Amino acid sequence: MTVANAGERIPYREAGPGKIYTSHLQSEIRPVLPEADTLSKNFLSRVRELGDEVAQRKKRFGIWQEYTWNEVYDHVVNFGMGLIKLGLQPGDTLVIIGENDPEMYWSQIAAHALHCKTCCVFSDASPQDILYVITSTDATVVCARDQEQVDKLLEIRAVIPQILKVVYWEDRGMWAYTDEWLASFPTIQAIGIDFRGQEPDMFDRMARSTSAMDTIILSMTSGTTSLPKFAEVTHYQLVYGHAMNHEYVDSRRSDNWLSFSPMAWLAEQAFGFTSHLITGVQVNFPEGPETVPTDLREIAPAGLLFPSRVWENLARVVQFRIGDSTLLNRLMYRAFMPIAYRAIDHEDAKRPIPPHLRCLRWLGEYAIFEPLRDKLGLTRARNVLTAGAMLSSDIIRFFRAIGIELRQFYGSTETFGTVHLRGDVRFETVGVIVPGVEIKIAENQEILIRTKARFNGYYKQPEKTGEALDKEGWYHTGDAGHMDEKTGHLIYLERVKDLIELSTGEKFSPQYIEGRVKFSPYVQDMMTIGGADMDFVSAIIVIDFQNVSRWAEKRGIAFTTYVDLSQRPEVHQIIRGELRQVNESLPPYSQVKRFVILHKEFDADEAELTRTRKLRRGALQEKYHDLLEAIYGDARQVHVRAEVKYRDGRTGTVETELLVADV
């Protein structure tokens, strides 16, 4: 395989020894034809083929508004021609900030056809985060969803003179803004309509001339240990990646896809945006985050992709609502869930399900599981995917029991990897190797991946590119794992750097323990702690305030604030019970022996989480150093005084005593 960016300027690392595995699947990769080797060419093809059929839907003011492929084409071309008149040049970068909307798709399709790059940013990014993105990607134009995002850009305007224009598409609250640096989406489209009259074929001509190896997306890495890097994603990475996975994530033209996961996350680009342009999948955009449960039920999509934290939260919500429902529903749930678990155990062991168990499962399906899936909007779900952080086997097993086959996709911003096949979901694994992917397990258990569907390098960071890629084309994931040679499944253990060794010499995986504990409806987040100078495992717990507060209210437990509730002895008791339950399934050395319930949630704005909601373990351990000293010392309480940053930029201080509790 030829290594992209080959040349002396990139110091590729030396390749090391390891065992190489290839796919056991017999299917062939669908060939990528020259006339369909870029997303821009595929877009033109879908418009020609599907014309007046529905391409996208957006819920506005409670009503689903439809856009046909021809209408999408006009929006895209008009906006693209307007960008040219603004001064956007081939090779420039367009930054897009906001929640998923049709305008986000239109902006990105237009930019890619004009031989430009896009970089999508999480909607909760701070002004300083946005400044880092703009300066790192050489952006010249920014598309911002609404007033909130525009205000962030105005705050840093003095230090981003390279930005020619900020274009917003949601005009609510923008009527009093008269700054010429700002322009509405329709204004740019109006400019484009005039220019399109002069150059009617220019857009199509540029789209057809796009090259497979053009960089089209600068995708931010999660940045768990340092500032995020920007992976150069090409047309080919996404088009070839779709070809490799089309038999296993079989999107169809008639399917509905719910676009909710941030476009800043490459998995949504790969399975949502790319499938839309290649197969013609209909994409649906919810009205807002708060309406997703309702919108999901109305659409009942065939495909959706949520990060692991969303599935964890959904499992907590389902369990808590069942516990909060009628006596009959609670009794049926308690009766039929064990039956469902027994049935899927038979399926996984490839044993026939006994007739009486099959009959009872059918009754459970009719009585509770089908109505529950209907409430969740997952009655037609066929491609239900999770990616990002490893999802606990308890969560996958739970959804499987209620009739939702949740499949893990393992990969990264930089490369495609493995996926669970339908009917072959093994709870302890992250799926099988698909054709077109090779995996090497290095001597230190690191997972290495080699495939044509991978990134082109880190933007303007050749040294970092050389650290990630070796001379044989292997991408070094930094993840530890091993291959189950009997089943062909990849077993993910933990980030290599995150495997923790205790003073006893035993090693444990913090992410595995955290995933098991977060199955509890009362635990929103958790950081497992250990180290070479520590002889046991401990934990910092973040409660799920909504569920715990309702639990407390039903039992007449008085509290005033989040801080007050988190330190109630009754709350410590239920968390202790959850930890004891998980400990029963862990080896003695990795059992949690002591814990503290934090007085606040982990917050990305305080650098405790990445924007993809992954723990910044190093930053957390440094920030809560005094807390760790108390846990591993003789103290039973620790005084905490912490500065809190609010969304509007204000700061405040929280002071409280945290209880150090034994499990």
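Not measured: the values here are computed from a predicted model.
Applying the side-chain contact (heavy atoms from CB on, under 4.5 Å) test to P307 and every residue at least two apart in sequence or in another chain returns S261, W265, V310. With sequence neighbours left out, D484 forms a side-chain contact (heavy atoms from CB on, under 4.5 Å) with K486, T487, I491. With sequence neighbours excluded, the residues forming a side-chain hydrogen bond (donor to acceptor under 3.5 Å, both in side chains) with Q511 are E494, listed by chain and number. Remark: E438 pairs with R450 by the salt bridge (charged side-chain N to carboxylate O under 4.0 Å, His left out) rule, at least two apart or across chains. For E365, the side-chain hydrogen bond (donor to acceptor under 3.5 Å, both in side chains) partners two or more places apart in sequence, or in a different chain, are R373. Evaluation of the ring pair (Phe, Tyr, Trp, His ring centres under 6.0 Å) rule for Y240 yields Y236 as partners, not counting sequence neighbours. Taking the salt bridge (charged side-chain N to carboxylate O under 4.0 Å, His left out) definition, one finds that R48 meets it with nothing, sequence neighbours left out. Every side-chain contact (heavy atoms from CB on, under 4.5 Å) that D295 has, sequence neighbours left out, goes to K59, W64, P286, E287, T291, E298. In this structure, R30 has no salt bridge (charged side-chain N to carboxylate O under 4.0 Å, His left out) partners at least two apart in sequence or on a different chain. Judged as a side-chain contact (heavy atoms from CB on, under 4.5 Å), and not counting sequence neighbours, the contacts of D544 are N313, R316, Q524, Q546, N547. With sequence neighbours excluded, the residues that form a ring pair (Phe, Tyr, Trp, His ring centres under 6.0 Å) with F519 are F398.
Between the side chains of S259 and N100, at least one donor N or O sits under 3.5 Å from an acceptor N or O. No hydrogens or angles considered: nothing links the side chains of E170 and Q149 as a donor-acceptor pair under 3.5 Å. Judged purely by distance below 3.5 Å, without hydrogens or angles, the side chains of T429 and H420 pair a donor atom with an acceptor atom. Y459 and E232 share no side-chain donor-acceptor pair at under 3.5 Å. Between the side chains of Q65 and R57, no donor N or O sits under 3.5 Å from an acceptor N or O. If you check the side chains of W257 and E268, you find a donor sitting under 3.5 Å from an acceptor. The closest side-chain donor-acceptor pair between Y458 and E414 falls under 3.5 angstrom.
Salt-bridge annotation for R422 and D424: absent, with no side-chain N of the basic residue lying under 4.0 Å from a carboxylate O of the acidic one. Look at E514 and R617 and you find a salt bridge, because one of the NZ, NE, NH1 or NH2 atoms lies within 4.0 Å of a carboxylate O, short of that distance. Ion pairing of R309 with D525 is present here, as a side-chain N (NZ or NE/NH1/NH2) and a carboxylate O approach within less than 4.0 Å.
Atom CD of E290 is surrounded by more than 12 heavy atoms from other residues, nucleotides or ligands within 6.0 Å. Applying the 6.0 Å contact sphere to CZ of R397 captures more than 12 heavy atoms from other residues, nucleotides or ligands.
Without hydrogens or angle criteria, Q319 side chain to A315 main chain gives a donor-acceptor distance under 3.5 Å. Between the side chain of D129 and the backbone N or O of S126, at least one donor-acceptor pair lies under 3.5 Å. Looking only at distances, no side-chain donor or acceptor of T68 sits under 3.5 Å from a matching main-chain atom of V54.
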* Derivation and outcome, salt bridge (charged side-chain N to carboxylate O under 4.0 Å, His left out), residues R400 and D348 -> CA-CA 11 Å; R400 174 90 168 276; D348 289 339; 3.0 Å; yes

* To do: Go through the steps for E312 and K518 under the test salt bridge (charged side-chain N to carboxylate O under 4.0 Å, His left out), then give the verdict.
  => CA-CA 7 Å; E312 289 166 354; K518 285 190 291 184; 3.5 Å; yes

* Hey, mind stepping through D255 and R382 against salt bridge (charged side-chain N to carboxylate O under 4.0 Å, His left out) and telling me if it holds? -> CA-CA 9 Å; D255 284 352; R382 191 178 72 258; 2.6 Å; yes

* Checking salt bridge (charged side-chain N to carboxylate O under 4.0 Å, His left out) for the pair E49/R253: CA distance, chi angles, key distance, verdict? -> CA-CA 11 Å; E49 293 170 3; R253 187 166 293 176; 3.1 Å; yes

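The minimum heavy-atom distance linking A113 with T210 is given by the pair O-CG2, 3.9 Å.
Interatomic distance, CG of L406 versus CG of L378, reported as 9.5 Å (0.5 Å rounding).
Paired with F285 under the rule ring pair (Phe, Tyr, Trp, His ring centres under 6.0 Å), one option of Y67, W169, Y105 passes, and it is Y105.
Ring pair F79/F185 is parallel by interplanar angle, where below 30° counts as parallel and above 60° as perpendicular.
Residue pairs meeting the ring-ring contact (aromatic ring centres under 6.0 Å, His included) criterion with at least one partner in residues 290-311, sequence neighbours excluded, are F260-F306, F306-W311, W311-F399.
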